[in-house]
Amino acid sequence: MTKYSFEFKLKIVQAYLSSEGGYRYLSKKYGIGSASQVVKWIKIYEHFGEGGLLRKQKNQAYSVQEKLNAIELYLTTELSYRELANQLGINNFSLIANWVRTYRIFGIDGLSKQKGCPFKMTKKKKVTKNEPTELEKLEKENRMLKIEIAYLKELRRLRLEDERKMKEQRESSTASEDIFD
């Protein structure tokens with residue numbers, strides 16, 4: 001994937017805002033792979049300002065709890081990934097989509113896997129925080145159950161919708177057979 005400089009991104013956004021052209025026109029004029037990239041820069045600029053267009057020097061690490069909170073918000077509200085990312089201050093909305101997909105496939109364990117090669121050298125033991133209290137454990141379990149219920153409700157709704165469509169198809173096909181009899 002081509003990396004674009006901050007100045008280049010800002011130039012494209014300012015060209016769009018000064019009505020120099022639309023997304024497709026600007027992407028062709030400046031040799032950008034797709035118009036969706038221009039859309040992304042403009043949306044980021046509108047929400048985060050110039051700072052949103054800057055490349056991060058270091059990748060942001062999100063805790064499992066932060067990921068779960070984002071997933072819970074996505075599953076319990078009707079916000080899009082982009083709207084949710086803007087609300088949480090994340091300028092890459094595809095992160096949330098990846099977290100949701102990983103959660104649906106692997107569960108909470110999938111969110112805690114580290115990426116990359118494991119270290120070959122042994123690390124010094126870190127000082128561990130106090131064990132979570134019983135209340136914190138119950139709150140976490142409650143939050144996970146709410147997410148699971150929301151997911152199952154959506155799954156059930158989709159299945160019922162599929163069954164209703166299949167029933168309508170069967171009824172329409174039997175009705176057409178009655179016409180020809």
Side-chain angles (χ1 to χ4, degrees), residues 1-117 139-140 143-162 165:
M1 176 159 95
T2 307
K3 302 293 181 191
Y4 300 99
S5 70
F6 166 74
E7 292 79 16
F8 181 74
K9 294 176 191 177
L10 189 58
K11 180 180 176 181
I12 303 295
V13 170
Q14 288 173 343
Y16 176 79
L17 294 176
S18 65
S19 302
E20 188 177 311
Y23 305 127
R24 286 188 182 143
Y25 173 79
L26 292 173
S27 67
K28 287 181 181 179
K29 180 179 178 182
Y30 292 101
I32 300 169
S34 71
S36 64
Q37 187 66 54
V38 176
V39 173
K40 181 179 176 184
W41 292 340
I42 291 167
K43 296 290 183 189
I44 288 172
Y45 180 82
E46 288 172 346
H47 194 271
F48 295 106
E50 289 184 7
L53 297 175
L54 289 170
R55 290 211 41 218
K56 303 270 194 261
Q57 295 301 321
K58 182 181 175 198
N59 289 338
Q60 174 71 36
Y62 296 95
S63 70
V64 175
Q65 189 60 50
E66 290 172 311
K67 293 176 186 179
L68 282 174
N69 290 341
I71 291 168
E72 179 180 8
L73 273 174
Y74 176 75
L75 293 175
T76 57
T77 62
E78 293 188 10
L79 294 174
S80 69
Y81 291 127
R82 178 172 278 138
E83 292 168 338
L84 184 59
N86 289 343
Q87 185 177 343
L88 297 175
I90 299 171
N91 67 356
N92 185 359
F93 66 90
S94 62
L95 276 176
I96 298 173
N98 290 337
W99 295 341
V100 170
R101 186 178 345 97
T102 302
Y103 178 76
R104 286 182 172 159
I105 295 170
F106 301 107
I108 193 169
D109 295 333
L111 298 176
S112 60
K113 290 182 181 174
Q114 287 194 349
K115 294 183 179 181
C117 297
E139 286 174 345
K140 182 178 178 182
R143 189 171 27 258
M144 294 304 301
L145 290 171
K146 284 181 180 179
I147 291 171
E148 185 177 353
I149 288 170
Y151 176 74
L152 291 172
K153 281 182 179 179
E154 180 66 14
L155 186 63
R156 182 171 185 254
R157 185 190 68 76
L158 291 172
R159 284 186 181 158
L160 290 173
E161 187 177 312
D162 286 345
K165 287 179 183 177

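Within a 6.0 Å sphere centred on CZ of Arg157, heavy atoms belonging to other residues, nucleotides or ligands number more than 12.
For the atom pair CG (Asn69) and CG (Leu84), the distance works out to 10.5 Å, reported to the nearest 0.5 Å. Taken to the nearest 0.5 Å, the CD1 atom of Ile42 stands 10.5 Å off from the CD atom of Gln37. With rounding to the nearest 0.5 angstrom, the CG atom of Leu68 is 7.0 Å from the NZ atom of Lys140. Atoms CG and CD, on Leu17 and Glu46 in that order, are 7.0 Å from each other to the nearest 0.5 Å. Once rounded to the nearest 0.5 Å, the distance linking CD1 of Ile147 with CD1 of Ile71 reads 6.5 Å.
Glu7 has no carboxylate O lying under 4.0 Å from a charged side-chain N of Lys11, or vice versa, which leaves the two without a salt bridge.
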Please table the atom pairs, donor to acceptor, closer than 3.5 Å between any side-chain atom in residues 100-108 and protein atoms at least two apart or in another chain.
| from | atom 1 | to | atom 2 | distance (Å) |
| --- | --- | --- | --- | --- |
| Arg101 | NH1 | Asn98 | OD1 | 3.3 |
| Arg101 | NH2 | Asn98 | OD1 | 2.7 |
| Thr102 | OG1 | Asn98 | O | 2.8 |

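Taking the side chain as every heavy atom from C-beta outward, Met144 and Glu148 never approach each other to under 4.5 Å. Looking at Tyr62 and Ile96, their side chains never come closer than 4.5 Å, going by heavy atoms from C-beta outward.
In terms of heavy atoms, Arg82 sits closest to Lys40 at NH2-CA, 4.0 Å. Smallest separation of non-hydrogen atoms from Tyr25 and Gly21: CD2-CA, 3.7 Å. Smallest separation of non-hydrogen atoms from Ser34 and Ser36: OG-OG, 2.8 Å. Of all non-hydrogen atoms in Tyr30 and Ala15, the two that sit nearest each other are OH-CB, 4.4 Å.
Ring geometry for Tyr16 against Tyr23 counts as parallel: the plane angle stays under 30°, on a 0 to 90° scale with 60° as the upper cut.
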**Request:** Evaluate the criterion ring-ring contact (aromatic ring centres under 6.0 Å, His included) for residue pair Trp99 and Tyr74; output intermediate values, then yes/no.
**Result:** CA-CA 10 Å; Trp99 295 341; Tyr74 176 75; over 10 Å; no
**Verdict with supporting geometry, Glu20 and Gln14, side chain to side chain contact (heavy atoms under 4.5 Å, CB included)** = CA-CA 9 Å; Glu20 188 177 311; Gln14 288 173 343; over 6 Å; no
**Message:** Apply side chain to side chain contact (heavy atoms under 4.5 Å, CB included) to residues Leu88 and Leu73 and explain how you reach the verdict.
**Reply:** CA-CA 10 Å; Leu88 297 175; Leu73 273 174; 4.0 Å; yes
**Message:** Before you tell me yes or no, could you show the steps for Glu83 and Gln87 under side chain to side chain contact (heavy atoms under 4.5 Å, CB included), namely the whole-Å CA-CA distance, both residues' side-chain angles and the distance that decides it to 0.1 Å?
**Reply:** CA-CA 6 Å; Glu83 292 168 338; Gln87 185 177 343; over 6 Å; no
**Message:** Before you tell me yes or no, could you show the steps for Glu139 and Arg143 under salt bridge (charged side-chain N to carboxylate O under 4.0 Å, His left out), namely the whole-Å CA-CA distance, both residues' side-chain angles and the distance that decides it to 0.1 Å?
**Reply:** CA-CA 6 Å; Glu139 286 174 345; Arg143 189 171 27 258; 5.8 Å; no
**Message:** Trp41 vs Leu26, test: side chain to side chain contact (heavy atoms under 4.5 Å, CB included). Steps then yes/no.
**Reply:** CA-CA 12 Å; Trp41 292 340; Leu26 292 173; over 6 Å; no
